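A short write-up of the structure that comes next.
Counting starts at 1 for both ligands and their atoms, following the listed order. This one's a predicted model, so the numbers in the text were calculated from it and none came from an experiment.
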Amino acid sequence: MSSKIKFLKPGDDDIYTEDRSDVDQTSGTSFIYNPHRSLALDKQRQRLPVFLSRNHILHLIETHQTTIIIGETGSGKSTQIPQYLREAGWCADGTICVCEPRRVACTTLAARVAEEADVILGKEVGYAVRFDDRSTPGVTQIKFVTEGLLVREMMGDPLLRQYCAVILDEAHERTLYTDIVLGLLKKVLRRRKDLRLVVCSATVDADHLFNFFNRNTTSDHTKDTATIIPVEGRNYPVEVFYLEEAAPNYIKSSAETVMKIHLKEGAGDVLVFLTGAEEVDACVSLIKEHVSSLPKTQGSVLVVGMHGSLSNADQLRAFQTPPVGVRKVVVATNIAETSITIPGIVYVVDSGFVKMRWYNADSCTESLVVVPTSRASATQRAGRAGRVRAGKVYRLYPEAEYEKLSEVSPPEMMRTSLSSAVLCLMALGIENMLRFDFPSPPPARHLTAALDELFALAAITEEGKLSQPLGQHMAEFPLMPHLAKMLLVSGEYGCSEEILSIVAMLQVQNVFKQPRGQNRHARIMHRKFEVSEGDLITLLNVYMGYIKHGSSRQWCVDNCIGHRAMARAAEIRARMEKLLIKFEVPIKSSEGGVDAVCRCITMGLFPNAAYLHPAGHYSTVRGRQTLHIHPSSVLYTQKQPQWVLFHEVLHTSKIYMRDLTVIDPAWLLELAPHFYEKTTIHNV
Ligand code: ADP
Ligand code: MG
């Protein structure tokens, strides 16, 4: 294998060698991945660190409204605490809700807990995530839900009467919805003294949360309604390796490092951290290619990808135990950092990057930016290698870079567009955002920008109230407000069939496949769908082709289209159609008319308009942000259109717009007069 990569061992300040009194000295020659794996499930459960605190935790929950549990990833918080509550009889008073930042965590944890509790998934233990509900009202005792779903449940049940306890998991992630749920639950707890909140965090800086829940009470700590309990973690030392020089291409470098580990290191599974689904897929293919050229004597490797846009069945593949003698390599996005625990990992390859949302209040655009991780993230990722025995982490950057990383990332609330959050809060009756008790108040400018945008989308009235029924329905749609708006007005434009397909296609990734060695062929096949109106209409063409050919897998293969992505899009489309029918939106087709579809798209995406600047790049009307057409866009190779609307902005080497639609600027004035003035459009 390539000897290009030379890892350097760091000096004395190896962060993992200090204070490890519980180091397992048996590692070295005989490798045991999961010493508990052969044990019965109940014995495995008893080996987890939280088990030692089981009674203490139950006592604290009994006596405090809010209990904050701090424990390292893998200590058993997510899988055990709901079961402890269930075993202690809490379900007599309602369901136990476990609230997760991510869909993947909901589905995999629910499957695991159902297995441990020996019940059928979907019955006593279930989950509900966007577009997928596997729970049975009246039967489900433990229900895993995403944060966004919990907020939407509150629109129908503001005091969460169906639940006896809410476990807010992964609170350290501080996603936008973590903070919203924290703020809302604080209000609910005041009204419902019987409700219990358990906050789980993998990091120790829980004082902030402790103070948040005890704020407004007295300085007398005997009256505290919240308490903190740390759970002892069990972690083995992890040796850290750095690159001598930064890797020019971290995907390639990750694949090479995996091969190096496979050939040079002892048994043990490998976990690779990249930033997104596309990178994961590319890296999986690269590793498979390397592996296929290995002689049989070099052992076999099972390579699996793990990211949020995989189907549930595919996500579960990452958890399967490889056959004896086979090394498993899991290539994952950030979801494997703390949300899920993949058993058997001994080696971690850390690209050093993460994809984050970043908001620009001038241009009202939110971009996905690939940025260096924080030191806290790097430590978390490294820790994944030390779960079963002493492990190793390979950071694909020089040690000097590590020192320059920021300590933690700012909470999402501070750096994303607030329009969907504000819309949800308004639907919950919170009208004065500035007075809402946020754990970390967002910048006032971001709040105003969100209100402006919602007003322009007609979700709120001039009096600053949620419009009825449009605003209310937009809030209930589990989509960004722009897309919800597009769907809700699609009946008026006579093209709801088309908009449903387009929005469903925007929810999935990897529609266009580039099978190795067939790039040219794939380009030719994909070109058949391409139209000068842009990517959204192209996606519509793909979806229509798929349906016309009976949702056939063979048709997908022949056209280099991802079959799984299409099946998922069809599933999502069916759910959204139900919602539209519920909201009495007529389901109509434009019967091939594109103009109506493009106008309807404009009704939702108008804030994301950009025009061609004489200098050759694009510029947003508001804020004059410079943008470029992403190479994946069908417009990339065509004559540059004067005006486009984008669905997403991606910030890599340049700021790219993705998922484009070509428009007539006159539509902006006609359809969004609150947002665009004549002078701004004509003067560009
Ligand atoms: P925490 O929430 O503290 O990070 P979890 O409760 O998620 O910990 O996991 C505890 C342990 O349960 C893990 O270390 C792992 O051994 C096991 N486990 C969790 N999920 C699964 C799964 N889907 N398959 C197999 N084992 C799992
Ligand atoms: Mg957990």
Side-chain angles (χ1 to χ4, degrees), residues 32-54 57 68-86 96 98-117 121 125 127 142 144-147 167-173 175 178 198-204 206 229-236 269 271 304 306 310 312-322 328 330 332 334-346 379-381 383-389 391:
I32 310 162
Y33 298 132
N34 178 351
H36 317 318
R37 190 173 283 172
S38 57
L39 297 177
L41 279 172
D42 57 337
K43 290 282 182 319
Q44 286 190 30
R45 292 187 57 199
Q46 291 168 14
R47 301 281 170 121
L48 289 170
V50 281
F51 184 71
L52 295 173
S53 313
R54 185 180 185 275
I57 292 172
I68 301 165
I69 301 180
I70 303 164
E72 285 190 60
T73 311
S75 49
K77 301 179 300 296
S78 313
T79 54
Q80 304 309 303
I81 305 211
Q83 293 192 78
Y84 295 166
L85 287 171
R86 176 175 180 253
I96 297 159
V98 191
C99 185
E100 298 287 333
R102 297 188 179 89
R103 181 173 77 94
V104 190
C106 286
T107 53
T108 57
L109 284 168
R112 173 69 180 180
V113 171
E115 189 190 355
E116 287 187 4
L121 179 64
V125 177
Y127 66 81
I142 299 176
F144 287 85
V145 301
T146 49
E147 293 164 340
I167 300 170
L168 184 61
D169 205 8
E170 312 282 343
H172 59 269
E173 286 222 10
T175 67
T178 312
V198 181
V199 181
C200 297
S201 173
T203 50
V204 283
I229 169 170
V231 193
E232 281 304 308
R234 199 188 307 130
N235 248 347
Y236 301 100
D269 295 343
L271 175 60
V304 284
M306 178 72 180
L310 288 176
N312 296 348
D314 281 335
Q315 285 174 350
L316 291 174
R317 287 179 63 221
F319 293 92
Q320 72 195 24
T321 312
K328 182 167 78 176
V330 180
N334 211 32
I335 54 179
E337 191 176 299
T338 58
S339 286
I340 52 167
T341 299
I342 298 166
I345 301 298
V346 177
T379 307
Q380 272 291 343
R381 290 178 176 188
R384 311 310 274 160
R387 294 292 315 146
V388 284
R389 62 177 177 83

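The distance cut-off of 2.8 Å around the Mg ion (ligand 2) captures these protein N, O or S atoms, sorted by chain and number: S78 OG.
The residue among A318, S75, S78 with a heavy atom at the shortest distance from atom 2 (O) of ligand 1 is S78. Nearest to atom 1 (P) of ligand 1 by heavy-atom distance, out of C200, G74, P49, is G74.
Looking at residues two or more places apart in sequence or on another chain, you find a side-chain hydrogen bond (donor to acceptor under 3.5 Å, both in side chains) between R102 and E173, S339. Looking at residues two or more places apart in sequence or on another chain, you find a salt bridge (Lys or Arg N to Asp or Glu O under 4.0 Å) between R45 and E87, E116. For the salt bridge (Lys or Arg N to Asp or Glu O under 4.0 Å) test, residues two or more places apart in sequence or in another chain that qualify with E337 are R381.
Listed for the K77 side chain is a donor-acceptor partner under 3.5 Å among the backbone atoms of E72. Remark: the backbone N or O of I142 is not paired with any side-chain donor or acceptor of R86 at under 3.5 angstrom. Looking only at distances, a side-chain donor or acceptor of R387 sits under 3.5 Å from a matching main-chain atom of G74.
Atoms of ligand 1 lying under 4.0 Å from at least one heavy atom of T79, given by number and element, are 5 (P), 6 (O), 9 (O), 10 (C). For ligand 1, the atoms sitting less than 4.0 Å from at least one non-hydrogen atom of E72 are 3 (O), numbered in the order shown with element in parentheses.
Within the structure, ligand 1 lacks Q44 among the residues with a heavy atom less than 4.0 angstrom away. At least one heavy atom of G76 sits closer than 4.0 Å to an atom of ligand 1.
Side-chain atoms of T73 and Q380 form a donor-acceptor pair, as typed in the model, at a separation below 3.5 Å.
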